[in-house]
Structures are given as C-alpha cells and as structure tokens.
Amino acid sequence: LADRPVIRQALELIGRPGSRQAIPTPAAVIDRAAMNRNLIRAATICRAAGVALRPHAKTHKSADLARHQLTAGAVGICVAKVGEAEALYAAGIQDLLITSPIVGAQVAARVADLAAAGASVAVTLDHPDNATALAATARTDIDVLIDVDVGMHRTGVPTPAAALELAAVIEAAPRLRLRGVQGYGGLWQHIPDATERHAAVAAGMEQLSAAIELLDRHGHDTTIRTGGGTGTLDADLAIGVLNELQPGSYTVLDVQYRVVRSDWLDSLEHALFVSATVINAAQPTSLTIDAGLKAFATDADRPSTDLGEYLWYGDEQGLILTGAPDRPRLGTHIELLPPHCDPTVDRYDVIHVVEDDILVDLWPVHARGRSQ
Ligand code: PLP
Ligand code: MN
C-alpha cells in the first residue's frame, strides 16, 4: 500500500498533533481507546459468565484489530469466508473459525490447503455433500462444527435428525473431527425491544438444544456451542446454551445498533467514523461533503452527524442540511457515524487509527473484498 501517494501522505501524519483533522478523505477512522474499551467490556462479561469470546472479524477484516481482540481475551477469531481466513492467516492470525458453510470442491480445497499450511482452521458444515467434499481433499485434521438452523433459514441443517445424519458422515471421514455445533440467528440481533429479543433467542436456542441432545445421545462431540452476536450477547449469556460467542459489531458499533436497547449495548461506544471534507459551502442551507454512496454501506439508515441531516447526493458526494452560522467552512474535515459498520469498513483499504486528535497508526483492511 505504501507506494500509493495518499497512503504516504497519511503515514507522514502519524504522531502529529491535530493530524486526525488532516487524514485524506473519505476515510475510515477508528478511535483506538473507545474500541479497546468495547473489547474489554465484552471480554469481561463473557469471562464472568464462563463463556468463550471468539469475535467475528467480518466487521473489521483487519489482522491488527484482531490482535487487539486476542490481547483483550478472545480465544480466537471468526471469519465469514475462506478468503477472509486466507487473508488473516497470511497476516498472522492463527486460530480461525469459518462461520459460513464450505460448499463445493474448490472451496474445500482451499480450506484443506490452509489447514495443511498450519492454520488452526475450523469450519461449519450443514450438508453431507459438503462434508464429503472436504473429506476428499483434507490432508490434515480439520475441526468441524455442525451449523444448525435456529430459525433464520439462511444456513444450517433444518432438523436435529439432519444434524445426526451429518454427524455420521463427519465421523466416518478420517480427517474431519466433529467438535460441536453453531446456531446463529442474525435477525434477532436487531430486535429493538429487549424482552422480545430475549424471547426470540430463547426460542431459537431450544432448537439448538434439541440438536445437541440428539447428538449427545448418540455419543457425538458437542463440546463447542457457538453463535450469537452483538445485539443478543446479554441474552445469550443469560440463556446459557452457547459456550462460545461470536459478536462482531460490538468492536465499533454503528447507527443501526442505536435503536437496539439494553444496558450492555448502552455500555458500548461508537468507535468507527467516516471522515469527510466539506468540498462546497456556497449554499446557505447545505454543505457538500466528499462522502457519498461509495463511502458508506447503504443498506441501513443514513450516516449520522450532529451538524444536520445527511442526504445521499451521488456516488461521491453527500449533502448536510445546515445553515448554522458556525457551520464548518470549505475544506474542513468532519466525521460521520456509519449506518452499518461491517460493509462500510469493506469499502476502505486502510483503517486510520486515532487517539484523541492524533493519527497514531494505519491498519490494512487485510481481508477487504475477500468474500470468495
Ligand atoms: N456470526 C455470524 C454467523 C454472523 O453472520 C454475524 C453477522 O452478521 C455475526 C456473528 C456478528 O454479528 P454482529 O456484527 O451483529 O455482532
Ligand atoms: Mn452487520
């Protein structure tokens, strides 16, 4: 990256007072102190409950940030895709769980290569064909979890009986080691009301428990029970079926998570910002900034700033509705909260790490775009 002029400019800013306001924009910015407080909050409540924390790197895709999570007490890292596992392993992260099913011979071959190269890579499977494909190419032992559908109908075996059938195929494969189950309900994360959210998680976890009971009765290993996310972390700990949690967004939070209510979520801090520049201030009631549709994920809400309402205003521009006399002038940098953190970070090659008003580091988004 360092051969790019804009990265060289950013590198020259590191350590200088006021450099946070000079980062080339639009840019992803993380407040390291706020992020670290989030990491420690999650690690502390998981440790108190005797539950392992394996944060999901889909949020940040950065080996540097993952190392902070491991230092704060995480047992390992989750990734969504094999491409992310490859990128993070190459950047020094050893212990990786791939939370999306491994489908087809090509993907399976890359998992086998990663494991043979020395990565501690575990996978989730939800169909006997996937187990057969991985077994055919594995040259070293690979840990496997059975992904159980707990109501989201996205991935997972649909019934406990299907889990048992898959377990038999995994056990029959010499290189595959069944270690447990995954049950993830993504739709629950964003239920705003805490009581409704808790009830939804409890109902889903009954489905996971039914699969665990059947697997246990047949002597299969269900040591690891992973799932959960930021919105349900407190409910997951209270319900107690999962013994390993995989939240991602808790690292930096976003606008979308603001409407989800709980003491746990209220204890987290916004740590991710998109820095933008005022590129036109000629209109009396609006400012134009250089952060538009390509600067943020656009699936949820709109970017947020105290200055005024943000309007999408093109691929490369946004409008902020403000006529305040003290509004920022042409050329000023402002920071906005992203609507949805994970796909926003994926739009940037680097994260600009700040402490107070100083740029202190650049973290490559190692797994940017690696969704194969
Ligand atoms: N686990 C899985 C399988 C996911 O797909 C996700 C996010 O979509 C997470 C964990 C983390 O969720 P969150 O970012 O809401 O904490
Ligand atoms: Mn997300």
Side-chain angles (χ1 to χ4, degrees), residues 28 35 38-39 41-43 45-46 51-62 65-66 69 74-82 84-85 96-102 122-126 145-157 180-192 197 200-201 204-205 208 224-237 242-262 264-265 267-268 270-272 296-301 337-347 367 371:
M35 178 203 80
N38 291 342
L39 301 188
R41 281 187 189 105
I45 61 170
C46 287
V51 166
L53 176 63
R54 180 183 282 274
H56 212 304
K58 71 196 291 287
T59 301
H60 54 76
K61 299 185 163 203
S62 156
L65 203 159
Q69 292 175 314
V75 299
I77 296 294
C78 290
V79 292
K81 300 293 185 65
V82 182
E84 293 172 0
L96 296 154
L97 167 65
I98 303 169
T99 61
S100 308
I102 306 304
V123 301
T124 54
L125 300 179
D126 65 358
L145 306 179
I146 294 178
D147 186 29
V148 177
D149 183 6
V150 288
M152 190 184 187
H153 306 332
R154 182 171 75 176
T155 63
V157 293
V181 295
Q182 171 176 270
Y184 178 71
L187 304 176
W188 310 331
Q189 306 300 337
H190 294 279
I191 298 174
R197 193 166 63 249
V201 179
M205 286 301 119
L208 187 62
I224 299 170
R225 296 138 188 226
T226 183
T230 300
T232 62
L233 190 130
D234 50 349
D236 289 320
L237 292 177
L242 301 176
N243 59 17
E244 189 170 298
L245 298 185
Q246 40 178 267
S249 304
Y250 82 101
T251 310
V252 292
L253 230 54
D254 54 25
V255 172
Q256 183 176 231
Y257 256 120
R258 274 184 171 178
V259 296
V260 187
R261 309 306 317 165
S262 76
W264 143 248
L265 287 163
S267 79
L268 298 174
H270 285 287
L272 173 68
F296 305 93
T298 57
D299 61 305
D301 306 326
L337 292 174
H340 185 183
C341 55
D342 327 57
T344 296
V345 174
D346 195 50
R347 298 186 170 216
S371 46

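Every number for a ligand or one of its atoms is a count from 1 in the order of the listing.
Residue Asp301 forms a side-chain contact (heavy atoms from CB on, under 4.5 Å) with just one option from Asp254, Val255, Leu337, and that option is Val255.
If you check which protein heavy atom lies closest to atom 8 (O) of ligand 1, you get Lys58 NZ, 2.8 Å. Looking from atom 9 (C) of ligand 1 to the surrounding protein, the closest heavy atom is Tyr184 OH, 3.5 Å.
Both the backbone and the side chain of Thr230 come within 4.0 Å of ligand 1, judged by heavy-atom distances. Contact annotation: for Tyr257 versus ligand 1, heavy atoms closer than 4.0 Å belong to the side chain alone. At a heavy-atom cutoff of 4.0 Å, ligand 1 is contacted by the side chain of Arg154 but not by its backbone. Residue Gln246 touches ligand 1 through backbone and side chain together, judged by heavy-atom distances below 4.0 Å.
Two residues are said to be in side-chain contact when any heavy atoms from C-beta on lie closer than 4.5 Å; Leu242 and Val51 fail this criterion. With a 4.5 Å cut-off on side-chain heavy atoms, Val260 and Gln189 do not count as touching. Counting heavy atoms from C-beta on, the side chains of Tyr250 and Leu233 never come closer than 4.5 Å. Side chains of Ser249 and Gln256 form no contact here, defined as non-hydrogen atoms less than 4.5 Å apart. Between Asp299 and Pro339 the shortest side-chain heavy-atom distance does not fall below 4.5 Å.
Not a single heavy atom of Tyr250 lies less than 4.0 angstrom from ligand 1.
Closest to the Mn ion (ligand 2) among the N, O or S atoms of Asp342 is OD1.
Put simply, Asp254 stays out of reach of the Mn ion (ligand 2), with no N, O or S atom under 2.8 Å from it. Residue contacts to the Mn ion (ligand 2): Cys341 brings no N, O or S atom closer than 2.8 Å.
Considering backbone and side-chain N/O of Gln182, none are found under 3.5 Å from N/O of ligand 1. The distance criterion of under 3.5 Å between nitrogen or oxygen atoms is not met by Gly229 with respect to ligand 1.
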ask   = Under the side chain to side chain donor-acceptor pair (under 3.5 Å) criterion, do Asp147 and Gln182 qualify, and how do the steps go?
value = CA-CA 5 Å; Asp147 186 29; Gln182 171 176 270; 3.2 Å; yes
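Against a heavy-atom cut-off of under 4.0 Å, Ser249 is close to the following atoms of ligand 1: 13 (P), 14 (O), 15 (O), 16 (O). Close contacts of ligand 1 with Gly228, meaning ligand atoms under 4.0 Å from a residue heavy atom, involve 10 (C).
His190 has its ring centre less than 6.0 Å from the ring centre of Tyr257.
Side-chain atoms of His60 and Thr251 form no donor-acceptor pair, as typed in the model, at a separation below 3.5 Å.
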